Amino acid sequence: MATVIPIGEPVNDAERIAIACLRDHLPNGYLIFHNFEIQRRDETFEVDIAVLAPHALYLVDVKGTRGLIDVYGSKWYPEGRTPFTSPLLKLRGHARSLKGLLTASQPGQRNLDGVFVDAVILLTAPDAHLSDQGGRDSESVTTLKKAAAFIQNTNRIPTRFDLNITGLHGLIRKALVGVAKKRSGPIVLGDWEVIERLGGSDLFTEYRAVNTFAGIKGGT
């Protein structure tokens with residue numbers, strides 16, 4: 001069983017399910033940090049889950065989207081719902097930023113350069129299926145049933161990175177906890193409260209939100 005290190009609180013059932021699944025199905029030696037935000041320069045980015053494995057650090061963005069999701073270019077088209085920008089566009093940027101923070105935290109530790117920081121989308125709905133004929137995103141997307149095996153698979157690690165970073169876990173954990181902050185609460189934009197971060201790029205972020213007066217029954 002993996003060790004869970006909570007920094008903040010899950011904001012929805014999809015995140016709670018994902019954390020419990022990874023905790024129960026990953027072996028000892030894996031660390032799970034969840035629900036935090038990181039500030040780098042003038043950017044603040046949110047992280048649902050970070051998994052520190054013996055071979056890599058994974059940033060996991062949890063999506064509760066149901067049914068068929070078609071990928072066309074940079075957009076995801078969920079069946080019967082409004083399309084949104086691929087969440088991987090922004091998550092991959094967050095992974096690069098976090099890698100920069102790790103290496104900057106210990107400038108004398110050159111072996112931190114060998115740590116691979118990966119970006120992963122975890123679909124939690126039982127019927128979720130990503131159809132990605134172009135192969136743009138599918139290699140970085142997994143489901144709840146396959147998540148533990150996905151994260152334990154070292155074949156995804158590029159050859160230029162180390163496959164055994166267990167000896168660096170202490171440094172990585174210290175650096176991560178040092179920069180991670182508890183989420184300050186749900187994002188509120190005018191009369192709308194955010195319930196899910198969908199996707200985005202370096203220029204924008206897309207959210208699903210409910211009206212604070214009408215509630216979930218009023219639609220999103």
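Just so you know, these numbers come straight off a predicted model, no measurement behind them.
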Just wondering, more than 12 heavy atoms not from [X] lying within 6.0 Å of its [atom1]?
X: H169; atom1: NE2; result: yes
X: K145; atom1: NZ; result: no
X: R66; atom1: CZ; result: no
X: Q39; atom1: CD; result: yes

Beyond-backbone contact of [X] with [Y], side-chain heavy atoms, under 4.5 angstrom:
X: V141; Y: I121; result: yes
X: P27; Y: Q152; result: yes
X: V177; Y: F33; result: yes
X: L57; Y: I165; result: no
X: P10; Y: I19; result: yes
X: S86; Y: V71; result: no
X: F45; Y: K90; result: no

Distance check, rounded to the nearest 0.5 Å: [X] atom [atom1] versus [Y] atom [atom2]?
X: I151; Y: L122; atom1: CD1; atom2: CG; answer: 7.5 Å
X: T166; Y: H55; atom1: OG1; atom2: NE2; answer: 9.5 Å
X: E9; Y: H34; atom1: CD; atom2: NE2; answer: 6.5 Å
X: L176; Y: I5; atom1: CG; atom2: CD1; answer: 8.5 Å
X: L52; Y: I172; atom1: CG; atom2: CD1; answer: 5.0 Å
X: E15; Y: K63; atom1: CD; atom2: NZ; answer: 8.5 Å

### Task
Assess whether side-chain contact (heavy atoms from CB on, under 4.5 Å) is satisfied between L89 and S74, documenting all intermediate values.
CA-CA 8 Å; L89 288 178; S74 63; 4.0 Å; yes
Would you say [Y] ends up clustered with [X] if hydrophobic residues are merged whenever their side chains have heavy atoms under 4.5 Å apart, either directly or through other cluster members?
X: V117; Y: L22; result: no
X: L171; Y: I7; result: yes
X: L98; Y: L31; result: yes
X: V120; Y: F36; result: no
X: L88; Y: I69; result: yes

### Query
Angle class for the F84/W76 ring planes (parallel below 30°, perpendicular above 60°, tilted otherwise)?
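Tilted, since the angle between the ring planes falls between 30° and 60°.
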### Task
Classify the ring geometry between Y72 and Y77 as parallel (under 30°), tilted (30 to 60°) or perpendicular (over 60°).
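Geometry flag for Y77 against Y72: perpendicular rings.
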[X] side chain vs [Y] backbone, donor-acceptor pair below 3.5 Å:
X: R136; Y: G73; value: yes
X: D48; Y: N35; value: no
X: D118; Y: Y58; value: no
X: K99; Y: D113; value: yes
X: D127; Y: H129; value: no
X: R156; Y: E139; value: yes
X: E206; Y: T85; value: yes

Determine the minimum heavy-atom distance between [X] and [Y], stating which atoms define it.
X: L168; Y: V115; value: CD1-CG2, 3.8 Å
X: A50; Y: V47; value: N-CG1, 4.2 Å
X: A56; Y: I157; value: CB-CD1, 3.8 Å
X: M1; Y: R23; value: CG-O, 3.1 Å
X: S131; Y: L68; value: CB-CD1, 3.8 Å
X: S140; Y: A119; value: CB-O, 3.6 Å

